[in-house]
Amino acid sequence: MTDSKYFTTNKKGEIFELKAELNNEKKEKRKEAVKKVIAAMTVGKDVSSLFPDVVNCMQTDNLELKKLVYLYLMNYAKSQPDMAIMAVNSFVKDCEDPNPLIRALAVRTMGCIRVDKITEYLCEPLRKCLKDEDPYVRKTAAVCVAKLHDINAQMVEDQGFLDSLRDLIADSNPMVVANAVAALSEISESHPNSNLLDLNPQNINKLLTALNECTEWGQIFILDCLSNYNPKDEREAQSICERVTPRLSHANSAVVLSAVKVLMKFLELLPKDSDYYGTLLKKLSPPLVTLLSGEPEVQYVALRNINLIVQKRPEILKQEIKVFFVKYNDPIYVKLEKLDIMIRLASQANIAQVLAELKEYATEVDVDFVRKAVRAIGRCAIKVEQSAERCVSTLLDLIQTKVNYVVQEAIVVIRDIFRKYPNKYESIIATLCENLDSLDEPDARAAMIWIVGEYAERIDNADELLESFLEGFHDESTQVQLTLLTAIVKLFLKKPSETQELVQQVLSLATQDSDNPDLRDRGYIYWRLLSTDPVTAKEVVLSEKPLISEETDLIEPTLLDELICHIGSLASVYHKPPNAFVEGSHGIHQHSADQFAIMKQYFSVLQVWLPATKAKGLEIAGTFSRRQGHMYMDMTFINKALQHMTDFAIQFNKNSFGVIPTTPLPIHTPLMPNQSIDISLPLSTIGPVMKMDPLNNLQVAVKNIIDVFYFSCLIPLNIFFVEDGKMERQVFLVTWKDIPNENELQYQIKECHLNADTVSGKLQNNNIFTIAKRNVEGQDMLYQSLKLTNGIWILAELRIQPGNPNYTGKKKTNATAFSYKLMVHIF
Amino acid sequence: MISQVFILSSKGDHLIYKDFRGEAKSDVVNVFYQMVTDLPADQPPVLMTHEGLHFIHVRQGGLYCVATTTANVSPFTIIEFLNRLTALIKDYCGSLSEKSVRMNFALIYEMLDEMLDYGYIQTTSTDILKNFIQTEAVSSKPFSLFDLRSVGLFGAETQQSKVAPSAAASRPIMSSRGDQEGKNEIFVDVVECLTVVIGSNGVLMKADIQGEIRVKCYLPSCSEMRIGLNEELSIGKSQLRGYGAAVRIDECSFHQAVRLDEFESYRILKICPSQGEQTVMQYQLCDDLPSAPPFRLFPTVERDSGDRLLIYLKMRCDLPPKSVVPSDFTTNLVLACILKPTTSLSQELSSPDQSAELQPSCKVIQWEIPRFPGGAQLSALFKVEVPGLSAASLLEVGPVCMSFELPKHTCTGLQIRFLRLSPAQPGPSQRWVRYLTHSDSYTIRI
């Protein structure tokens with residue numbers, strides 16, 4: 001007897017029969033009946049009416065039957081909440097069972113029953129299971145906390161489950177650690193600043209140890225978690241990298257990519273000239289190549305990621321271009337991705353090889369692929385100047401094949417080649433003109449017309465050629481119409497005597513007979529230009545055009561940086577930031593991208609505070625930042641003098657926020673001429689206070705062996721916003737009412753094109769918390785709070801009208817002096 | 001985090017559906033089927049989106065195995081997971097097909113429950129799973145001795161005696177407890193995929209080998225297995241071991257459970273195989289084959305008078321005579337765009353058992369060769385009538401793609417020296433070592 005028979009029963013009284021079977025005395029019969037119920041459930045039949053009968057089967061010592069009943073409960077408890085309560089007692093009892101399998105099964109199933117009533121009963125058993133002696137039960141309980149949090153976050157916090165979860169990070173069983181990390185990561189996404197997953201060096205060390213012991217899937221959780229950590233200096237970054245690198249040779253591609261993500265992020269922190277940086281780059285290449293030997297699905301996802309990596313750090317794979325050569329039997333989507341990467345890696349060194357490949361691809365069967373290959377030849381010509389000639393002759397060969405789509409594609413790219421290398425390959429125009437008749441795609445027609453117009457003086461019958469296009473002017477696409485208009489005007493300016501009639505014809509077609517405003521306007525502009533001042537017209541229309549750039553369709557750098565933070569995720573496949581396709585708040589990711597930006601700022605964009613000319617050769621550039629609840633002054637000291645410098649010290653004047661350095665300046669070795677050092681000085685706000693003007697001014701004195709120097713800088717106010725600045729709703733309401741109106745300030749923020757959710761996300765990253773959001777008469781109202789290090793609360797109301805880039809804000813605080821400037825700084 | 005997992009038949013029937021997080025309704029199953037069947041050919045099917053829900057799927061055994069998610073998760077994780085899921089279904093149910101899934105749905109639900117909790121992947125190892133799984137598998141086809149008929153049962157050295165039948169390895173790892181016969185078997189397969197590109201001038205342009213060692217274990221208890229590879233195996237471009245012609249690979253990676261303490265000095269892999277199938281080692285070799293590529297082609301393409309194209313192909317097999325016999329040998333000559341509906345073909349082939357025909361759908365001439373022993377030379381003359389043939393059309397001819405399998409042969413020369421099980425198995429146990437080279441893409445340009 002096989003299970004498949006369950007799918008075939010389809011009689012009228014089926015439910016009735018099942019009911020009878022479920023209440024049969026024999027255990028075996030009951031088991032069979034539950035199986036039938038589940039089979040019906042799978043194909044989408046409603047068997048919820050059997051709920052009480054199935055629950056009755058729960059009290060059994062047969063594990064197989066119990067599991068089946070639990071499977072059913074998970075599915076239907078939600079639609080039968082009252083019935084679900086009937087099962088609670090059995091659950092609670094099972095949580096005490098001597099068999100750990102049953103304990104875990106009960107706690108796992110209870111968490112999956114997303115019914116509010118049941119959650120109350122879950123707390124006690126869960127608390128016990130979190131401390132269970134069996135790791136299988138503990139790991140199940142860890143996940144259960146995440147489930148419960150999704151149903152009732154407040155209860156999880158009140159019951160202290162988050163602390164228990166944090167304790168599990170130090171568990172002796174790596175599987176428990178991995179699940180705890182996964183659960184905490186997910187929970188902390190809904191509280192971006194709560195610092196739930198306290199990533200400090202000790203915890204990181206624990207995670208790295210667990211990394212070596214746990215299953216491949218656990219390794220992925222841990223690596224993903226590591227990638228959200230910000231090492232405090234390059235030495236820490238390097239030591240983490242060293243311990244992550246062995247994962248690169250794992251057989252599971254998901255582990256490999258998660259490791260690549262960590263390394264790609266931390267590479268940013270390593271000095272580029274160090275030996276380790278070079279070694280690490282070399283180590284990244286083989287695992288990426290290995291991914292391409294997987295199934296087509298894995299290959300495709302890998303190629304999308306490699307496409308990003310190649311744009312960010314082409315040096316990693318520059319030697320490996322051959323692995324991206326297309327195999328004859330690759331699926332088309334893999335072929336197209338490979339082609340894209342080949343072009344990105346094309347350079348003078350490998351261009352001959354690449355071109356030989358592309359030429360082969362251009363005669364393959366698949367049309368899309370052939371087109372892209374032809375286009376790729378053109379892109380090679382534009383990218384590698386030395387190869388341009390060879391590329392052009394290859395394209396000419398291909399035009400000779402007369403295969404329609406090949407010819408059209410070739411003409412489009414030849415136009416781009418002309419734009420990159422003007423006056424070099426015009427000898428081929430005659431060949432191109434031969435194919436005029438076969439062009440039926442707008443892109444190709446427009447390209448050909450552009451070429452004729454641009455080189456009208458060298459084409460004897462340019463007027464005839466253009467005239468032939470004019471016949472069906474109104475049937476052409478806008479793109480062709482516009483190009484044709486411009487081309488004929490160019491022709492007229494070059495050969496005014498013979499083409500007067502032609503130009504008048506096109507101008508009247510464009511201005512009088514066309515409904516397209518773009519075309520009409522362009523027509524009128526030309527017309528007036530030509531009729532008022534032909535000399536200027538010539539200057540304008542025939543002006544020298546800028547050359548087109550080498551790299552086309554690169555991803556914009558800020559987006560690229562964000563995507564690099566998401567290597568190995570869906571974002572890296574879609575090439576879109578996660579907030580573009582994932583609903584809800586995903587604070588931790590956003591947070592990490594921002595931190596990435598801060599890191600970059602720290603290592604690259606610093607403001608020069610003390611120029612070398614004013615300080616006898618010492619230059620200080622710096623910035624302020626807030627990382628994981630602490631304030632830092634990040635500075636670079638550069639010795640531009642001819643002597644070495646030692647004995648550095650730093651002191652701050654009294655200031656509005658009582659900012660003082662908490663450690664002496666960490667420069668312990670002499671700074672040699674032309675050397676620089678990056679330091680990060682931790683700050684606190686426990687120093688003496690004196691009001692400054694402007695409020696955030698900080699006066700600094702730096703001493704070295706040569707002299708004492710003074711400079712002042714402005715502290716961005718947002719580093720004073722503390723992480724616990726989220727006011728309770730009730731408190732907010734009361735406080736808002738209590739603050740007198742004279743402490744209120746109204747202001748407008750201009751030209752801010754963000755919607756309410758992105759605004760509150762951005763503000764949240766700066767520790768300005770949205771307490772509530774309301775929609776009043778089509779306007780979004782955001783109520784926000786923030787707290788300064790000196791304990792002052794600031795409350796704000798932000799009104800956003802969709803479509804109106806100007807926001808109106810109202811702000812109340814007990815200490816008015818701060819308010820206005822604050823807001824100015826945040827935006 | 002995986003939100004749902006479901007398995008559909010190729011006709012879209014729901015075989016398995018399990019929701020882990022309550023984030024989406026079950027009607028998305030039909031949405032998925034609609035999307036995947038409507039997808040244009042040039043769109044990558046791997047990832048699809050519908051109202052904030054992302055579908056990731058793999059297709060195996062004619063089934064769609066799908067996972068959905070709402071978060072920005074790692075698609076690698078999910079694809080790997082789905083591949084493992086299919087492998088586990090194969091291990092537990094004997095094969096992966098609509099029938100076997102239907103018959104074992106309760107078992108698969110139980111497996112899914114242990115493999116995923118709240119969408120977090122827990123484990124995919126049979127060793128761990130077998131502690132929890134209660135349901136017994138139902139085999140779709142009772143295992144019969146007839147499947148062993150091609151094995152040299154009485155010690156006769158037949159053609160196939162060293163090759164275990166593939167059917168032997170497709171049965172559940174844990175069938176009912178009573179049935180003990182023929183159980184103590186272990187299969188070790190060395191499978192290599194060969195990618196070769198030979199330029200039109202006969203120069204070897206690209207040659208890659210991707211290999212793996214797979215173990216399929218039916219032994220109920222096996223604490224340790226030692227697999228000895230060629231002692232002179234060297235890894236990396238520069239390393240040299242042994243005397244003379246060493247066996248070389250560029251890179252390799254190992255299954256997590258493999259212990260490598262004797263690998264450096266003796267090239268011994270130690271593993272405690274879990275029941276079921278696992279890939280113990282993966283390796284690759286690029287650009288530097290130890291011997292000449294197995295097949296060479298000497299093509300001439302001429303334009304006869306008018307619209308006739310003469311294509312003369314001479315093919316040679318450079319494998320050692322007799323020891324290796326290629327099977328399933330097919331050659332495809334791509335004609336691309338010169339192939340018109342009116343194109344006609346006549347051919348002269350070197351042997352009557354071969355056949356050739358035009359395949360208009362993929363624009364190729366397909367030349368089937370049932371026998372092609374080592375050292376042999378074959379030839380074919382194709383006369384193709386193409387209306388409107390031009391000189392430039394000659395550019396369109398080619399490449400030639402061959403597909404074949406080479407049983408009992410590895411192109412790297414990697415061999416299993418020995419296979420030792422400890423402790424020694426009680427009762428008779430059978431150990432099978434199989435070698436296979438498979439043409440992934442073998443292309444010769446014209």
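Quick caveat: nothing in here was measured; it's all calculated off a predicted structure. Only heavy atoms go into these numbers, but all of them, side chains included; no hydrogens, no water, no symmetry mates. Throughout, protein chains are lettered first and strands after them, A, B, ... in sequence-line order, and every chain is numbered starting at 1.
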Please find the pair of heavy atoms, one from [X] and one from [Y], that lie closest to each other, and give the distance.
{"X": "F254(B)", "Y": "A251(A)", "answer": "O-CB, 3.9 Å"}
{"X": "V301(A)", "Y": "P75(B)", "answer": "CG1-CG, 3.6 Å"}
{"X": "F76(B)", "Y": "S253(A)", "answer": "CD2-OG, 3.6 Å"}
{"X": "L71(A)", "Y": "K18(B)", "answer": "CD1-NZ, 3.4 Å"}

Contact leader toward chain A among [options], where contacts are heavy-atom pairs under 4.5 Å:
{"options": "I78(B), N83(B), D208(B), D19(B)", "value": "N83(B)"}
{"options": "Y17(B), Y109(B), F6(B), F81(B)", "value": "Y109(B)"}
{"options": "T279(B), T77(B), D27(B)", "value": "T77(B)"}
{"options": "H57(B), E251(B), R59(B), Q282(B)", "value": "E251(B)"}

What's the spacing between [X] [atom1] and [Y] [atom2] if we round to 0.5 Å?
{"X": "L47(B)", "Y": "Y574(A)", "atom1": "CG", "atom2": "OH", "answer": "4.0 Å"}
{"X": "T443(B)", "Y": "F325(A)", "atom1": "OG1", "atom2": "CZ", "answer": "13.5 Å"}
{"X": "L68(A)", "Y": "Q134(B)", "atom1": "CG", "atom2": "CD", "answer": "10.0 Å"}
{"X": "T195(B)", "Y": "N329(A)", "atom1": "OG1", "atom2": "CG", "answer": "7.5 Å"}
{"X": "E360(A)", "Y": "I446(B)", "atom1": "CD", "atom2": "CD1", "answer": "9.5 Å"}

Given side chains that start at C-beta, do those of [X] and [Y] come closer than 4.5 Å, heavy atoms only?
{"X": "R108(A)", "Y": "Y118(B)", "result": "no"}
{"X": "I56(B)", "Y": "E297(A)", "result": "no"}
{"X": "V365(A)", "Y": "V364(B)", "result": "no"}
{"X": "K327(A)", "Y": "V197(B)", "result": "no"}
{"X": "T124(B)", "Y": "E216(A)", "result": "yes"}
{"X": "H255(B)", "Y": "H250(A)", "result": "no"}
{"X": "E64(A)", "Y": "I133(B)", "result": "no"}
{"X": "F581(A)", "Y": "T49(B)", "result": "no"}

Between the side chains of [X] and [Y], is a donor N or O closer than 3.5 angstrom to an acceptor N or O?
{"X": "Q122(B)", "Y": "N179(A)", "value": "yes"}
{"X": "T123(B)", "Y": "W217(A)", "value": "no"}
{"X": "Q284(B)", "Y": "S293(A)", "value": "no"}

Given a strict heavy-atom distance threshold of 4.5 Å, which part of [X] is in contact with chain A: side chain, backbone, both, or neither?
{"X": "Y442(B)", "value": "neither"}
{"X": "I79(B)", "value": "side chain"}
{"X": "Q210(B)", "value": "side chain"}
{"X": "M205(B)", "value": "both"}
{"X": "N131(B)", "value": "backbone"}
{"X": "S200(B)", "value": "neither"}
{"X": "Y120(B)", "value": "both"}

Not counting sequence neighbours, which residues clear side chain to side chain donor-acceptor pair (under 3.5 Å) with Y70(A)? List them please.
D94(A)
Examine whether an atom of [X] lies under 4.5 Å from a heavy atom of chain B, and if so say whether it belongs to the side chain, the backbone or both; otherwise answer neither.
{"X": "D368(A)", "answer": "side chain"}
{"X": "Y328(A)", "answer": "both"}
{"X": "E337(A)", "answer": "neither"}
{"X": "F221(A)", "answer": "side chain"}
{"X": "A302(A)", "answer": "both"}
{"X": "D224(A)", "answer": "neither"}
{"X": "I332(A)", "answer": "side chain"}
{"X": "V34(A)", "answer": "neither"}
{"X": "T290(A)", "answer": "both"}
{"X": "S258(A)", "answer": "neither"}
{"X": "M74(A)", "answer": "side chain"}
{"X": "Q299(A)", "answer": "neither"}

Heavy-atom neighbours of K576(A) NZ exceed 12 at 6.0 Å
no
Please check this pair: side chain of [X] against backbone of [Y], looking for a donor-acceptor N/O pair closer than 3.5 Å.
{"X": "N252(A)", "Y": "E80(B)", "value": "no"}
{"X": "S74(B)", "Y": "G568(A)", "value": "yes"}
{"X": "K206(B)", "Y": "K322(A)", "value": "yes"}
{"X": "N72(B)", "Y": "P578(A)", "value": "no"}

Before giving the answer on salt bridge (Lys or Arg N to Asp or Glu O under 4.0 Å), spell out for K67(A) and E114(B) the whole-Å C-alpha distance, their side-chain angles and the decisive distance to 0.1 Å.
CA-CA 11 Å; K67(A) 278 186 152 185; E114(B) 297 298 341; 3.0 Å; yes
For the interface with chain B, which of [options] has the highest count of heavy-atom pairs at distances below 4.5 Å?
{"options": "K139(A), K359(A), Q353(A), K402(A)", "answer": "K139(A)"}
{"options": "A104(A), A146(A), S572(A)", "answer": "A146(A)"}
{"options": "V370(A), D330(A), L257(A)", "answer": "L257(A)"}

Contacts of type side chain to side chain contact (heavy atoms under 4.5 Å, CB included), residue Q319(A), not counting sequence neighbours:
none
Would you check, one step at a time, whether the test salt bridge (Lys or Arg N to Asp or Glu O under 4.0 Å) holds for D150(A) with R21(B)?
CA-CA 9 Å; D150(A) 191 40; R21(B) 297 174 63 92; 5.6 Å; no
